[in-house]
Protein chains: 2
Amino acid sequence: MQAKELNELIDIYTSAMNEVNRRVNILMNEQVHQELTSDQFATLRYVQKKQPCTSSDIAHEFAIGKSAVTAQINRMVERGLIDRQRDEEDRRIVYLSLTPTGEETMAEGTQRLYEVLGEILSEFSEQEIERFVQSLEKLVSILRKH
Amino acid sequence: MQAKELNELIDIYTSAMNEVNRRVNILMNEQVHQELTSDQFATLRYVQKKQPCTSSDIAHEFAIGKSAVTAQINRMVERGLIDRQRDEEDRRIVYLSLTPTGEETMAEGTQRLYEVLGEILSEFSEQEIERFVQSLEKLVSILRKH
DNA sequence: GTGAATAGTTTCATTATTGAACTATATTAA
DNA sequence: TTAATATAGTTCAATAATGAAACTATTCAC
């Protein structure tokens, strides 16, 4: 491919990617997790899946510092969404888990996530989605090497 | 497609998309725009392309409030990257443009953006990239309708 | 010419983030 | 066994991004 064409493709890629993120974000804020920020929703989702989950896991997963995680978790502990529990074996470690309220919030949010994204994805053919997701995953694996 | 499969695909899509954004962001911070935040780089890029560009344009483009734009532009004006110039016809309007320093910063950043993304995209076939970008754009157009 | 609309700013509160210093605990090696 | 080091997490201070509401200045419409 010629450099010029490639650069055009990069321009298209970056602006499309930005717009997708922006719009998905708006959609999520409006229809999926009104009561949470996008970061909080993502973190809760991760904590729920990982189980047991520590601050360091989150910091690593989202590539942010541990102090940022502490701040975010504090807010959610205050709002009764997350519990902290110290490991009795190794008392440096603090395990995070969803409170019943947190579980409930996430059950509803996840349900709406599936509905909203499902509706959007229904406009694509199965093959198209799979191909797209495959390319995304390939992109992830290349980015991991960098 | 069955609901279960679709939901799995949604899980894969969301986590892949999150990881791509996260890693691209890290890559950009490290190799493309060390001296700027991602938001600032995106805004400068937009101002440069749009020309003439107003605060309202930016607010609309990035789907954020005008007060958020004012705050961001202030920081970049202070750093000598952006100039404000009032329209003499309609004195409510303020045009934004890159200062020579801003232009220089963006010339370098854009160059590095092409290099870095070009290297990553070189691992894909031309057809694969085009298909992926097409799906992205289709996604954008569906999201616009929502 | 007055009232409504538009462009942008100010102010205030919240959230997210980094980096450095710090506490507490566990591990290792002399 | 203890002294040095590593690990897990928190605290603190600063910067950035953001929304909402109140505001200023200007233009437009009737």
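First the proteins, then the strands, lettered A, B, ... as listed; each starts at 1. The basis for the numbers below is simple: all heavy atoms, side chains too, and nothing from hydrogens, waters or symmetry mates.
Residue A/T70 has no polar side-chain atom (N or O) positioned under 4.0 Å from OP1 or OP2 of D/dT11. Here A/R84 reaches the OP1 or OP2 of D/dT10: one of its side-chain N or O atoms lies under 4.0 Å away. Distances shown here put a side-chain N or O of B/R75 below 4.0 Å from the OP1 or OP2 atom of D/dA17.
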Working for salt bridge (Lys or Arg N to Asp or Glu O under 4.0 Å), residues B/E61 and B/K49
CA-CA 12 Å; B/E61 171 71 10; B/K49 272 191 210 159; over 6 Å; no
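Checking B/T43 against B/Q72 by side-chain atom types alone, a donor-acceptor pair falls below 3.5 Å. Side-chain contact annotation: B/N18 with B/S15, donor-acceptor N/O pair under 3.5 Å absent. A donor-acceptor contact closer than 3.5 angstrom is absent between the side chains of B/E130 and B/Q134.
Of the candidate nucleotides C/dA7, D/dT11, C/dT9, C/dA7 has the atom lying nearest to any side-chain atom of B/I93. Listed nucleotides: D/dA17, C/dG8, C/dT17. Nearest to the side chain of B/K66: C/dG8. Which of C/dT17, D/dA17, C/dA7 sits closest to the side chain of B/Q40 comes down to D/dA17.
Note on B/T37: only backbone sugar-phosphate atoms sit closer than 4.0 angstrom, heavy atoms only; bases stay farther off. When heavy atoms are screened at a 4.0 angstrom cut-off, B/S67 is found touching base atoms of the nucleic acid.
In the interface, the side chain of B/R92 is paired with the base of C/dT6 through a donor and an acceptor atom under 3.5 Å apart.
A/R86 has its CZ atom 7 Å from the C1' atom of D/dG9, to the nearest Å. As a whole-Å value, the separation of B/F41 CZ from D/dA16 P is 18 Å. In this structure, the CD atom of A/E61 is 13 Å from the P atom of C/dT17, given to the nearest Å. Rounded to whole Å, atom P of C/dT14 lies 18 Å from atom CG of A/D39. Rounded to a whole Å, the CZ atom of A/F62 is 9 Å from the P atom of C/dT17. Rounded to an integer number of Å, the gap from A/E88 CD to D/dA8 P is 17 Å. The CD1-P distance, from A/I73 to D/dA8, rounds to 16 Å in whole Å. Taking atom CD1 of residue A/I82 and atom P of nucleotide D/dT10, one finds them 11 Å apart after rounding to whole Å.
Ring-plane geometry between A/F41 and A/H33 is classed as tilted, the angle between the planes lying from 30 to 60 degrees on a 0 to 90 degree scale.
Comparing B/C53 and A/A63 by the nucleotide of DNA chain C that holds the closest heavy atom to each, the one mapping nearer the 5' end is B/C53. Along DNA chain C, the nucleotide closest to A/Q72 and the one closest to A/R91 are compared, and the more 5′ of them pairs with A/Q72.
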